[in-house]
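Inspection log for the structure reproduced underneath, given as structure tokens.
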Amino acid sequence: MKKSVILSLSLLLIGCASKPMPDELYKQFAYVSVGSLACMNKGFINPELAAKAQIAVEYTLDTWNYQVPKYNNIVNSFREHASEVTENNCRDISFKANKMVMLVEERRGNIQAQNTNNALQGISNAITGATQKTVFCNNIAGVVVCN
């Protein structure tokens, strides 16, 4: 079970908008989304984590090609049982929410670092390209003409 959770959490950031979202992630994202709010409402997790979990779920969903009605049905199914959440459930939800938030923050940091590297490489290429320009010169009747 723990291996499948770790695999699922790892998969959440590999997604891309052109790939269909695996079925297990529909339930996992709905579980974290609905569960974090239910746990916050019962005082088992703080509002900051619940808010970060909502943002992480939304961010991650945007990386997948998923069926919105299917996801909404699962969310609604979890909402029907949200009042039954226990402190033990909330510990599990808190763990999964924190892991998801950390993975999203790491992914955003990696994207930002890659964008910075690309920008610096572009500047470097522009400078190198400007300084390594081929010049052709011709000597015509003792006058040197270069382009």
Side-chain angles (χ1 to χ4, degrees), residues 1-137 145-147:
M1 167 95 174
K2 288 185 181 185
K3 287 182 182 180
S4 67
V5 168
I6 292 170
L7 175 63
S8 295
L9 286 170
S10 300
L11 278 174
L12 71 89
L13 291 175
I14 300 172
C16 81
S18 65
K19 293 174 100 175
M21 188 164 76
D23 285 340
E24 69 267 11
L25 293 184
Y26 281 88
K27 288 182 180 178
Q28 184 176 330
F29 295 157
Y31 178 71
V32 170
S33 180
V34 173
S36 62
L37 293 177
C39 292
M40 179 194 70
N41 290 335
K42 287 203 170 184
F44 293 131
I45 66 172
N46 65 49
E48 182 180 358
L49 175 57
K52 285 182 176 183
Q54 298 306 306
I55 292 167
V57 168
E58 291 169 15
Y59 173 87
T60 306
L61 282 171
D62 285 343
T63 67
W64 290 98
N65 179 7
Y66 70 103
Q67 299 170 23
V68 175
K70 179 178 179 178
Y71 178 72
N72 288 341
N73 286 339
I74 294 170
V75 165
N76 290 335
S77 168
F78 279 121
R79 281 186 182 143
E80 290 175 9
H81 301 283
S83 63
E84 301 167 15
V85 72
T86 66
E87 189 172 358
N88 284 337
N89 297 134
C90 290
R91 276 195 278 278
D92 182 55
I93 291 165
S94 178
F95 170 78
K96 289 177 181 173
N98 274 304
K99 182 150 178 102
M100 184 179 283
V101 167
M102 288 179 201
L103 288 169
V104 166
E105 288 173 351
E106 180 181 351
R107 174 75 174 140
R108 284 181 172 166
N110 290 343
I111 289 170
Q112 185 176 8
Q114 184 62 43
N115 289 343
T116 300
N117 287 339
N118 290 344
L120 291 174
Q121 186 63 44
I123 292 169
S124 176
N125 290 345
I127 292 170
T128 303
T131 58
Q132 294 183 354
K133 195 173 197 179
T134 304
V135 178
F136 297 99
C137 297
V145 179
C146 299
N147 63 351

With rounding to the nearest 0.5 Å, note down the distance linking [atom1] in [X] to [atom2] in [Y].
{"X": "Met100", "Y": "Ile55", "atom1": "CE", "atom2": "CD1", "result": "13.0 Å"}
{"X": "Ile93", "Y": "Asn98", "atom1": "CD1", "atom2": "CG", "result": "12.0 Å"}
{"X": "Ile74", "Y": "Tyr31", "atom1": "CD1", "atom2": "OH", "result": "14.5 Å"}
{"X": "Glu58", "Y": "Asp62", "atom1": "CD", "atom2": "CG", "result": "8.0 Å"}
{"X": "Lys42", "Y": "Leu37", "atom1": "NZ", "atom2": "CG", "result": "13.5 Å"}
{"X": "His81", "Y": "Asn89", "atom1": "NE2", "atom2": "CG", "result": "12.5 Å"}

I'd like to check the salt bridge (Lys or Arg N to Asp or Glu O under 4.0 Å) partners of Glu48; sequence neighbours left out, ordered by chain and number. Lys52

Qualifying residues under side chain to side chain contact (heavy atoms under 4.5 Å, CB included), relative to Ile111, sequence neighbours excluded: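 Ile111 satisfies side chain to side chain contact (heavy atoms under 4.5 Å, CB included) with Tyr59, Arg107, Asn115 once adjacent residues are dropped.
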
Could you tell me whether a side-chain N or O of Thr60 sits under 3.5 Å from a main-chain N or O of Ala56, the two making a donor and an acceptor? yes

Are the side chain of Ser36 and the backbone of Val32 linked by a donor-acceptor contact shorter than 3.5 Å?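 Side chain of Ser36 to backbone of Val32, a donor-acceptor pair under 3.5 Å: yes, one is there.
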
What pair of heavy atoms forms the shortest contact from [X] to [Y], and how long is it?
{"X": "Ser33", "Y": "Gln54", "value": "O-NE2, 2.7 Å"}
{"X": "Met40", "Y": "Pro47", "value": "SD-CA, 3.6 Å"}
{"X": "Ala53", "Y": "Val101", "value": "N-CG2, 3.8 Å"}

SB check Asp92 Lys96 (cutoff 4.0 Å):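 Salt bridge between Asp92 and Lys96, a charged N being under 4.0 Å from a carboxylate O: yes.
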
Could you check Lys70 against Asp23 for side-chain contact (heavy atoms from CB on, under 4.5 Å), going step by step and ending with a plain yes or no? CA-CA 10 Å; Lys70 179 178 179 178; Asp23 285 340; 2.4 Å; yes

Should the ring pair Tyr66 and Tyr26 be called parallel, tilted or perpendicular, given that the plane angle runs from 0 to 90° and is split at 30 and 60? perpendicular

Step by step, work out the side-chain hydrogen bond (donor to acceptor under 3.5 Å, both in side chains) result for Gln114 and Asn110. CA-CA 6 Å; Gln114 184 62 43; Asn110 290 343; over 6 Å; no

Verify the distance criterion only: is there a donor paired with an acceptor across the side chains of Asn117 and Gln121 at less than 3.5 Å?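 No.
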
Answer yes or no: does atom NZ of Lys27 have more than 12 heavy-atom neighbours from other residues, nucleotides or ligands under 6.0 Å? no

Over 12 foreign heavy atoms within 6.0 Å of CD, Glu84: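 It does: Glu84 CD has more than 12 such atoms within range.
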
Pairs meeting criterion disulfide bond (SG atoms under 2.5 Å apart) with involvement of residues 74-124, two or more places apart: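 Every disulfide bond (SG atoms under 2.5 Å apart) pair that includes a residue of residues 74-124, provided the two are not neighbours, is Cys39-Cys90.
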
